[in-house]
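Here's the structure, in structure tokens; my notes come after.
The model shown is predicted, which means the values in this text are computed figures rather than measured ones.
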There are 2 protein chains.
Amino acid sequence: MARLNKSDFRDSILELVKSTEAHPTARWVYDNLREEYPSVAIGTVYRNLNILVSEGLIKSIQFDDSTDHFDANTGKHYHFICERCGAIRDLQIPFDPSLEHLVEKHTEYKIHNHRLDFYGLCEQCKRT
Amino acid sequence: MARLNKSDFRDSILELVKSTEAHPTARWVYDNLREEYPSVAIGTVYRNLNILVSEGLIKSIQFDDSTDHFDANTGKHYHFICERCGAIRDLQIPFDPSLEHLVEKHTEYKIHNHRLDFYGLCEQCKRT
DNA sequence: GTTCATGCAAATCGTTTGCACAATG
DNA sequence: CATTGTGCAAACGATTTGCATGAAC
């Protein structure tokens, strides 16, 4: 079996993650990658995803489904999760650092970051 | 071995979770419960924790460590997570429903809830 | 021939579940 | 005797890891 060129392979994974805003899981990447690389092993997908994370090219995010999700949008932003269909969407409302100042005013903590997730129904699901 | 009275056992778990604000894991509950009930199985702890969750007496929360945490504070509140020691603390800053209105103004989503976590260093860890 | 990423399978970790049994009523 | 919660161990799903192999240089 021909060895896969290192950068080709990892680049394909990066392209895949970049191609969607659906915050895919390793399994989704694996399933899609198999169309191009039928012999790929899921362990290899995990390894390369973790390398991309450690290189800062993608981010790993955990939601409430005990499955890692990956996001090529590495900037600070908030998320919406549909409680019915499970869709995870980026939100365009501005990241608000003043929330961190508020916490620092009320506590002794040094705040570096925060995360804000909204739960509800997406356009489709709220109609049914 | 004498059968454990249903409410005694489950109540002990509830008491344990109520006794701390540290957002304990099932394993922590298990380890502490064994002092009083040395023969308890961890599966039983999980079963009872899940029953307490479904009864609305405690909440299950996932953070970034792929382990379920339980919280007897069932009211809406925000969390702080220390990036160094892993401590999870409740925050006293008010829950702000206007954040949900902001999202509804900018999107087509129907928002039911939100979650806000702050990351940084706790009083102890920020000194070292 | 050394390096390095792969496929594969086994291992690991947290959690859930099937089952036989003992206690309750 | 029907019900219910338990201990135990097996099962499970997501992720990681050890190892032999084959490609690249």
Shared hydrophobic cluster, V103(A) / Y119(B) (ILVMFWY, side-chain heavy atoms < 4.5 Å):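 The answer is no; the residues belong to distinct hydrophobic clusters.
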
To the nearest angstrom, how far is [X] atom [atom1] from [N] atom [atom2]?
X	N	atom1	atom2	answer
I51(A)	dT15(D)	CD1	C1'	15 Å
R47(B)	dT17(C)	CZ	P	10 Å
I42(B)	dT6(D)	CD1	P	14 Å
N50(B)	dG14(C)	CG	P	16 Å
Y46(B)	dA9(D)	OH	C1'	16 Å
N48(A)	dT17(D)	CG	P	15 Å
F9(B)	dG5(D)	CZ	P	12 Å

Check ion pair K110(B)-E104(B) (N to O, under 4.0 angstrom):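 Answer for the salt bridge query: yes.
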
F63(A)/H79(A) aromatic ring centres below 6.0 Å: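 They qualify: ring centres under 6.0 Å apart.
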
Ring centroid separation Y109(A) to F118(B) under 6.0 Å: no

Neighbours of DNA chain D within residues 23-34 of chain A, by heavy-atom distance under 4.0 Å: none

Side chains of [X] and [Y], donor plus acceptor under 3.5 Å:
X	Y	value
T67(B)	R27(B)	no
H23(A)	D90(A)	yes
R89(A)	T107(B)	no

Over all atoms of both residues, closest heavy-atom pair of C122(A) and F80(A):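 Looks like N-CZ, 3.7 Å.
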
Residues in contact with DNA chain C, drawn from residues 57-71 of chain B - heavy-atom cutoff 4.0 Å: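 S66(B), T67(B), D68(B), in order of number.
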
Q92(A) (side chain) donor-acceptor with H106(B) (main chain) under 3.5 angstrom: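 Not a single qualifying donor-acceptor pair exists.
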
OP1 or OP2 of dT6(D) under 4.0 Å from side-chain N/O of T44(B):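 Result: no.
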
